[in-house]
Amino acid sequence: MSLNYIKNFYEGCMKPPTVIGQFHTLFFGSVRMFFLGVLGFAVYGNEALHFSCDPDKREINLICYNQFRPITPQVFWALQLVIVLVPGAIFHLYAACKSINQECILQKPIYTVIYILSVLLRISLEVVAFWLQIHLFGFQVKPLYLCDAVSLRKKFTTIKCMVPEHFEKTIFLIAMYTFTVITIVLCVAEIFEIIFRRLCFLIKQ
């Protein structure tokens, strides 16, 4: 029985009840995760090692880098992907435990409403992540970062630091913003598809 639950859960996650939902899963799972896992590591993998300040001392470099990056982009985007997947995973786990197939989701009002709520929660999480990304990283990575050196108790209060590969990071930021917007648009379109298919089902009855 437990194997059947796992099978239903897997099928529900990989093949949602809507066409747009299936496309969203394909886009989210292949393009977005591949882009982050492969290119994200290439762009941000050695950033801390190449981040240098004037004077170029390890202690100063580390403190200024932690100030420049309160959280690394790879960690932030990985957390975003995991958190955004949670609402859908919880719904499909519920559906698997209740032996609800994908067709029933669009036929029974209660399941349809719950599924729509999970999509709305997914949209909300994407919007929050979008806002946090703007707050943490902005839209452009500048080649020079001015570090606040007051905590270092040096004679100077501002230290100039060089940000490696700033242009590549700017392009990557824009790409991640674009992926988030595409995901939100797909979620909104999925809600409209659900409503449309639900109306068609009611008309046929």
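No experiment lies behind these values; they were computed from the predicted model shown.
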Find out whether [X] and [Y] are in side-chain contact, i.e. whether some heavy atom of one side chain is under 4.5 Å from a heavy atom of the other.
{"X": "Lys142", "Y": "Val163", "value": "no"}
{"X": "Leu121", "Y": "Leu117", "value": "no"}
{"X": "Ile123", "Y": "Thr183", "value": "no"}

Value rounded to 0.5 Å, distance of [atom1] in [X] from [atom2] in [Y]:
{"X": "Lys57", "Y": "Ile159", "atom1": "NZ", "atom2": "CD1", "value": "9.5 Å"}
{"X": "Leu136", "Y": "Phe76", "atom1": "CG", "atom2": "CZ", "value": "6.0 Å"}
{"X": "Arg69", "Y": "Phe137", "atom1": "CZ", "atom2": "CZ", "value": "6.0 Å"}
{"X": "Asn66", "Y": "Ile63", "atom1": "CG", "atom2": "CD1", "value": "8.0 Å"}
{"X": "Phe130", "Y": "Tyr177", "atom1": "CZ", "atom2": "OH", "value": "6.5 Å"}
{"X": "Phe68", "Y": "Asn61", "atom1": "CZ", "atom2": "CG", "value": "13.0 Å"}

- Query: Which atoms form the tightest heavy-atom contact between Met162 and Phe51, and what is the distance?
  - Reply: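 Between these two residues, the closest heavy atoms are O-CD1, 3.8 Å.
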
- Item | Gln140 versus Leu173, closest heavy-atom pair with distance |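 Nearest pair, atom of Gln140 first, then Leu173: N-CD1, 4.3 Å.
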
Is there a path of hydrophobic side-chain contacts, each under 4.5 Å between heavy atoms of I/L/V/M/F/W/Y residues, joining [Y] to [X]?
{"X": "Val181", "Y": "Phe139", "answer": "yes"}
{"X": "Val119", "Y": "Ile110", "answer": "yes"}
{"X": "Tyr65", "Y": "Leu144", "answer": "no"}
{"X": "Trp131", "Y": "Leu81", "answer": "yes"}
{"X": "Val141", "Y": "Ile171", "answer": "no"}

- Task: Start with the C-alpha distance between Gln80 and Leu125, add both sets of side-chain angles, then the distance that settles side-chain contact (heavy atoms from CB on, under 4.5 Å), and finish with yes or no.
- Result: CA-CA 8 Å; Gln80 177 186 357; Leu125 293 172; over 6 Å; no

- Item | Carboxylate-amine/guanidinium proximity below 4.0 Å for Glu126 and Arg122 |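 A salt bridge is absent here (no side-chain N lies under 4.0 Å from a carboxylate O).
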
- Under 6.0 Å between ring centres, would you say that holds for Phe179 and Trp77?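 No, ring centres 6.0 Å or more apart.
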
- Query: For the Cys pair Cys64 and Cys161, is the SG-SG distance shorter than 2.5 Å?
  - Reply: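 No, the SG atoms are not under 2.5 Å apart.
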
- Message: If you count heavy atoms of other groups shown closer than 6.0 angstrom to CZ of Phe167, is the number above 12?
- Response: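 No, the 6.0 Å shell around CZ holds no more than 12 heavy atoms from other groups.
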
- Message: Show, in sequence, the C-alpha distance, side-chain angles and deciding distance for Tyr145 and Gln67, and conclude whether the side-chain contact (heavy atoms from CB on, under 4.5 Å) test is met.
- Response: CA-CA 10 Å; Tyr145 175 73; Gln67 189 181 121; 3.1 Å; yes

